[in-house]
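To start, the structure under review is shown below, and the notes come after it.
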Amino acid sequence: PHPERPLADSGAIATVCAGRQGKLLEMHRMLMRTTDWSGAWNWVEQARRAQLPDVSAFVSCVQSVEHRRTLQQSQALISALRVDATPTFV
């Protein structure tokens with residue numbers, strides 16, 4: 001995670017969870033439109049704004065250990081490959 005973006009991991013997980021309800025692009029666009037989410041952020045409110053059909057399922061998904069583990073594994077791979085910018089071609 002970038003030190004200046006402490007909630008970037010949460011944003012990535014929220015986007016994946018929104019995608020499970022067919023709203024990945026809506027959540028992604030919302031996150032890209034503002035930097036407000038890089039501070040204190042209400043994910044439930046954002047789920048409602050993205051018109052997710054099941055906010056309770058979204059909350060459960062965001063709190064799931066599974067996604068955090070997957071993200072940590074991806075970050076370990078990125079570090080091992082010495083990727084420090086995007087896009088990167090391997």
Side-chain angles (χ1 to χ4, degrees):
H2 196 284
E4 293 178 20
R5 294 175 185 84
L7 295 180
D9 288 359
S10 296
I13 291 168
T15 302
V16 168
C17 291
R20 287 189 163 190
Q21 296 187 38
K23 297 289 187 173
L24 185 143
L25 288 177
E26 290 82 352
M27 183 65 76
H28 172 77
R29 286 180 186 131
M30 199 175 338
L31 294 177
M32 293 300 109
R33 264 190 242 130
T34 181
T35 56
D36 292 346
W37 66 276
S38 60
W41 194 251
N42 182 339
W43 292 113
V44 172
E45 179 59 31
Q46 299 317 308
R48 289 186 182 118
R49 285 185 184 175
Q51 299 179 343
L52 297 184
D54 188 343
V55 174
S56 296
F58 171 80
V59 170
S60 294
C61 182
V62 168
Q63 294 173 347
S64 167
V65 177
E66 169 194 353
H67 297 300
R68 195 139 320 263
R69 241 186 260 136
T70 301
L71 186 60
Q72 289 169 346
Q73 290 169 347
S74 295
Q75 289 168 337
L77 177 60
I78 288 167
S79 292
L81 295 173
R82 296 187 176 134
V83 172
D84 61 0
T86 58
T88 297
F89 302 95
V90 180

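We use all heavy atoms of the structure for the numbers below, so side chains are in, but hydrogens, waters and symmetry mates are not. The first residue of the sequence shown is numbered 1, and numbering continues consecutively from there. The structure presented is a predicted model; accordingly, all values stated were derived computationally and were not measured.
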Shortest non-hydrogen contact from Ala50 to Lys23? O-CD, 3.6 Å

Flag side-chain contact, heavy atom, 4.5 Å: Arg49 against Met30: yes

His67 NE2 to Ser10 OG distance, which is reported to the nearest 0.5 Å: 12.5 Å

Hey, could you give me the CG/CZ distance between Leu25 and Arg29, rounded to the nearest 0.5 Å? 4.5 Å

How far apart are the closest heavy atoms of Gly11 and Leu31, and which atoms are they? O-CD1, 3.7 Å

Begin with the C-alpha distance, continue with both residues' side-chain angles, and end with the deciding distance and a verdict on side chain to side chain contact (heavy atoms under 4.5 Å, CB included) for Arg69 and Ser64. CA-CA 9 Å; Arg69 241 186 260 136; Ser64 167; over 6 Å; no

Does Asp54 offer a backbone N or O that forms a donor-acceptor pair with the side chain of Gln21 under 3.5 Å? yes

Would you say the side chains of Asp9 and Gln75 form a donor-acceptor pair under 3.5 Å? yes

Assigning hydrophobic clusters by single linkage (Ile, Leu, Val, Met, Phe, Trp, Tyr; side-chain heavy-atom cutoff under 4.5 Å), is Trp43 placed with Met32? yes

Nearest heavy-atom approach of Ala47 to Phe58 is CB-CD2, 3.5 Å

Rounded to the nearest 0.5 Å, what separates atom CE in Met27 from atom CG in Leu52? 5.0 Å

Looking at every heavy atom in both Val62 and Ala14, which two are closest together, and how far apart are they? CG2-CA, 4.1 Å

Check for a donor-acceptor pair, side chain of Ser60 on one end and backbone N or O of Ser56 on the other, with a separation under 3.5 Å. yes

Tell me whether Arg20 is salt-bridged to Glu66, with the criterion being a basic N under 4.0 Å from an acidic carboxylate O. yes

Cluster overlap Leu71 with Leu81, hydrophobic side-chain contacts below 4.5 Å: no

